[in-house]
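To start, the structure under review is shown below, and the notes come after it.
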Amino acid sequence: MKPPPFDYQLADSVSQALDLYARSEGDALWLAGGHSIVPSLALRLQAPSLLIDISRLPELMGITLTEEGLRIGALATHAQILSDPLVRTHAPLLSEAAAHVAHPAIRNRATFGGNLVLADPASEFPAVVRCLDAVFDIVGPEGARQVGVEDFFLDLFTTALEPGEILRSVLIPPAPASLRCGFDELARRHGDFAMVGAAVWLVVAEGVTTEARICFHSVGPTPMRATLVEEALRGRPLAADEINAAQAVLGNDLDPADDVTLPGATRLHLARVLLGRILHRLAGQTAMETAA
Amino acid sequence: MSDRPAHIGQPHLRHNALRHLAGRGAYVSDLQLPRMLHAAFLRSPMAHGLITALDVEEARTAPGVVAVFTAAELNARCKSWTSGLGHFAGMVSVPQNILAEREVLWAGHPVAMVVARSRAEAEDACERILLDLDELEPVSGVDEVLLPGAPLAADGLESNLCFRTELKTEGVAQAFARAAHVVEGDYAFGRHTPVTLEPRAVVADYTPSSGQLTVHHGTQTPYQFQDIYARQFGLPDHKVRVIAPDVGGSFGMKLHLYNEEMAAVAATLILHRPVRFVADRLESFVSDIHAREHHVRARMALDADGTILAMDVEDRTPIGAFSAYPRTSVVEGNQSIRLMGAPYRMPDYRGELKVLFQNKVQASQYRAVGHPIACQVTEALVDQAAALLNIDPWEIRARNVVPDDAYPCTSPTGYQFEKLSHEKSLRLLREMIDYDGLRRDQAELRNAGIHRGIGLATFVEITNPGAAFYGVGGARISAQDGAVVRLTPGGEVHCAISVTEQGQGTETIMAQIVADQLGVNPDQVKVTTGDTDTTPSGGAAWACRGAGIGGETALRAGRKLARRIAEIAGAVLQADPDTLALRDGAVVDAATGVERLTLAEVGRIATYRPETLPAGTDNSLSVAQHFAPTGYPFGFTNGVQAALVEVDVETGMVRLLKHWVVEDCGRIINPLLVDEQIRGGVVQGLGPALFEECLYDENGQLQNGSLADYLVPMACEMPDIIIGHVETPTEDTILGAKGVGEAGTAAAGAAVMNAVNDALSPFGARLMQTPMTPARILAALCVGQG
Ligand SMILES: Cc1cc2nc3c(=O)[nH]c(=O)nc-3n(C[C@H](O)[C@H](O)[C@H](O)COP(=O)(O)OP(=O)(O)OC[C@H]3O[C@@H](n4cnc5c(N)ncnc54)[C@H](O)[C@@H]3O)c2cc1C
């Protein structure tokens, strides 16, 4: 479990990082928190000639509130996502989910951007940012571009990011009034990747669900939106019968595959139980206070 | 000798813990020797195949590479080894060599060895080796492996049966015929693996000028390996030194012979430089022993009032393509069928064991060999009987255990019990857990849709094994231990002993025991272990023998030295040694307690002024003592465990709320260490009950061989573990101690399985397979099956 030989360069700025990449002729990878890439090198799953360390790029740091929403730098650590007051106020779904991501030691180093770019289908944050309709701010040799979340997660460990591009930050649009949201997952042990997890984002006005975004992780190749469930909830009261009906259609949204520890049907069942639990919790909750 | 035992039984802190906390542990993994080289192995990617091409030339010229070895170079250096024990009649296993020569037997079988300046370079070079295999059909199942025409796990086998045996009393058939009730089940136990914190580690270092081979080896049995290295490599054993310093967990996994350790020794014999091999975690999963896959069909016969009449058990246990060396992989199954029903007054029994070959990693002894299987099957049947007869689970056990006044007695499987305390233990447990209160809460919560379960498991543990275990079978595995205890010139004490320390506190309790014999404090006793050059030869650490056998050795050595000190002091003082005693670091007048001579003074005189002693006085302040248990072949212990769990019946998730153990290990030398042994053991039993399983596909490929996928129990999921004691010392020794290291593991899984099934009882669901994963629990509940 030793990585094959590679070179290492610490970049001071985005432009220098892009330069280093250009000179590597495509045989380089970005290094952020290192908690996914270093194990994958040690397992000899990847063998780049060069690691370009982007973990100190000022352009990728900081969590700020702007007119357009909450901008989270790619280098924000999982620990910051968990505890940052701006995130807790303006994207509480993210901080709620962060408590389920790995263990404190890993959360201290692993980055939000690295997690999203990796696009592990078992990861929590990708599901959450899909619920939050996030926008990805990407820079590359050709300049900057913005990609909406619906176009970002393409497949297993595959995103819209081109080789040599850097995810600079993620924009979370402002939360609407009367938002109710909740995250939960079922994991065998604390901190494990979940058997199934779900992020639920609902706008409930006078007891009626007007908007719904529901996204699962660990049930398919990407974070999976449950659009039929969303449809089943929309325009209806958030109450027991409607929740049952929503749970019933989940099988049309998700079709998880069998794996060595869990048959697909059982995973779907767990997703349905989880959905029911979160929806019941939200039904009992009054609208969260949205920030002014 | 000292007439005031002051330290045995006291909660002394573990000596070496401070050193470990301070980062001063000395593990083989950390050892750096000048000119040391690093080994990596190319392993078979297939579970079964024939080598058609192996080209290592590219690797020889890779950066940093010093040597590349194949079977041609290494196997010639070392005699092959074949597993077997004389008392397992009919057992077969094919001979083993360091590297696969023609046939690969499991995915992970080492085929070539690269020795380089660094481990990274050795791994880089491994990628340059070309290996071609013709795939042979792997043996990976259970039911079909004995069918005629089934593929064989290794060339040279006539069938995939390693060993078969049957134990049977006269009246089994009759007992089942006249039984009012019969309960039965098919039980399956998943393969798992020890996962020590420190992986297997060895640094082998041969010096041709002196002919000395030194092997720094993270093992629990240094003398066994001294003997193996000497014989296999044709060296005189006094020229082989095995040093086992701090060992980061062992659990039985580090007493088996592995290809990689043998390869490191062969390589140093060829290269004359130290060669290091430290398994990485991925290698550990495909080369450390696995353990305890069993498929058991069992029945229990009871009369109308719930008295157990007989059990009938068929145990099939697959082990890998050959049996492990030198202890065999048969002991696990042998103990499993012999421990069935052990706590109970059960007149009749039939047990059949079949040990099977498969193309998987070798499986062999792991902490609590055979116990968890016997306990889980027996205790599951007892609970099934209780449910059928509508008897409370505690009550049915109280009715059936061997009564405390019925000893000595013999089990229907032939185990001789000196004195056990099942009744007392059950009563103590009932009090400790407030059994009636738990049952009341359970009923109330059930009405609220919360499903808690209470599981009980009585157990018997094998400890203090005598030579009947391995010695009679012809294995060169010592049942005796040795100690050299000496008084230093400054009046302090040193004890060099053959039992070893892997964190369980061996050195601490030896110091307590010796201190009591010499009237000193334990911190005045320095204990040395784990070096075949500096300690006498002995069995070391396995099968819970350290305290019982090693402790008795230390006690007798201490007494011998105490007598010597009294004789020397008597000569100096012109007093009868019988009138003297050792107390508080001095020789005192036994009757009055008046101090006559300090130990420092005895040390000074005997060392620096021996000419002042009367002629004929023996001034030897070093004494040696060996001890082998006689009396009972094993020192059995007993106890009972209880688990409280909550099952989420929608998700199949189990929460462990609390766990209790009542244990009787005889004389308790150090209650803190005994409790820690039990707690650690319980966790190691809970792991395979709920989380741990080596999952293979039908091609014999391990599917979850990393810590990302193989789930070890972690602190967050573990319950509080509450421990109570009953103390029934053995009369076979002066010390009276038995073992405790495996008690926790023996019954934890059984208690939890019974608890889960108790929780599920309103649904008519029952699990008979471990680990009890959410998927299996939901399947038992017929929920979420599509
Ligand atoms: C023991 C353990 C448990 C874990 N448990 C969980 C868990 O429960 N849930 C979970 O979601 N994750 C878990 N993780 C993964 C953890 O969250 C990862 O660290 C994270 O997914 C990657 O972030 P990183 O900063 O470490 O990225 P790195 O490992 O540095 O990089 C990951 C990949 O992203 C690329 N990359 C990184 N940053 C950027 C960027 N700004 N722009 C472009 N490309 C970039 C890298 O080139 C690399 O390919 C666990 C990890 C460990 C070691």
Side-chain angles (χ1 to χ4, degrees), chain A residues 1-6 35-36 39-45 47 99-100 102-106 120 122 184-198 218 247 250-251 254-278 280, chain B residues 38 40 63-64 116 118-127 199 278-284 648-654 687 690-697 701-704 706-718 771 773-779 781-786:
Chain A
M1 279 213 291
K2 304 284 181 207
F6 59 83
H35 273 55
S36 293
S40 93
L41 294 178
L43 291 165
R44 296 184 177 240
L45 299 173
H100 295 270
H103 309 275
I106 290 152
D120 185 329
D184 208 350
E185 68 176 36
L186 296 169
R188 295 285 301 278
R189 303 173 305 181
H190 282 76
D192 277 348
F193 282 106
M195 296 187 285
V196 58
S218 281
Q247 283 178 286
L250 185 61
L254 304 180
D255 184 18
D258 293 345
D259 75 13
V260 285
T261 54
L262 210 54
T266 307
R267 204 184 285 274
L268 176 61
H269 161 81
L270 293 175
R272 195 175 279 132
V273 170
L274 195 65
L275 175 67
R277 288 182 181 180
I278 299 172
H280 278 290
Chain B
H38 299 255
S118 72
R119 167 76 187 209
E121 286 171 324
E123 286 186 27
D124 291 343
C126 280
E127 293 192 336
V278 177
D280 68 30
R281 194 57 72 184
L282 298 180
E283 289 183 295
S284 297
D648 182 332
V649 294
E650 283 188 317
T651 63
M653 305 278 287
V654 176
L690 291 166
F691 301 106
E692 296 180 65
E693 184 169 20
C694 299
L695 296 164
Y696 278 86
D697 68 11
Q701 295 289 341
L702 185 60
Q703 302 293 291
N704 59 341
S706 83
L707 285 178
D709 298 314
Y710 180 94
L711 308 183
V712 294
M714 306 235 290
C716 286
E717 281 67 43
M718 290 300 105
T773 61
R776 287 175 182 154
I777 289 174
L778 291 175
L781 286 163
C782 300
V783 166
Q785 303 305 297

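Just so we're on the same page: letters track the sequence lines, and every chain starts at 1. Just so we're clear, the structure is a prediction, and the values are computed from it rather than from any experiment.
Of the two parts of A/Arg277, only the side chain, counted from C-beta on, holds a non-hydrogen atom closer than 4.5 Å to a non-hydrogen atom of chain B. For A/Val273, the part lying under 4.5 angstrom from a heavy atom of chain B is the side chain only. Only the backbone of A/Ala187 comes within contact range of chain B, judged by heavy atoms closer than 4.5 Å. Interface remark: A/Leu43 contributes side-chain atoms only to the contact with chain B (heavy atom separation under 4.5 Å).
B/Ala120 and A/Arg44 make their closest contact through O-NH2, 3.6 Å (heavy atoms, listed as atom of the first residue, atom of the second, distance). Heavy-atom minimum distance, A/Pro5 versus B/Asp124: CD-OD2, 3.3 Å. A/Asp192 approaches B/Leu711 most closely through the heavy-atom pair OD2-CD2, 3.8 Å. Taking all atoms of both residues into account, the shortest heavy-atom contact from A/Pro263 to B/Ala775 is CD-CB, 4.1 Å. Minimum heavy-atom separation, A/Met1 to B/Asp280: N-OD2, 2.6 Å.
For B/Glu717 (side chain) and A/His190 (main-chain N/O), a donor-acceptor pair under 3.5 Å exists by modelled atom type. A side-chain donor-acceptor contact under 3.5 Å links A/Arg188 to the backbone of B/Leu690. Remark: the backbone N or O of B/Glu650 is paired with a side-chain donor or acceptor of A/His269 at under 3.5 angstrom.
Ranking B/Asp648, B/Asp697, B/Val654, B/Asn704 against chain A, the residue ahead of the rest is B/Asp648, based on heavy-atom pairs under 4.5 Å.
Taking 4.5 Å as the limit, some side-chain heavy atom of A/His103 sits within range of a side-chain heavy atom of B/Met714.
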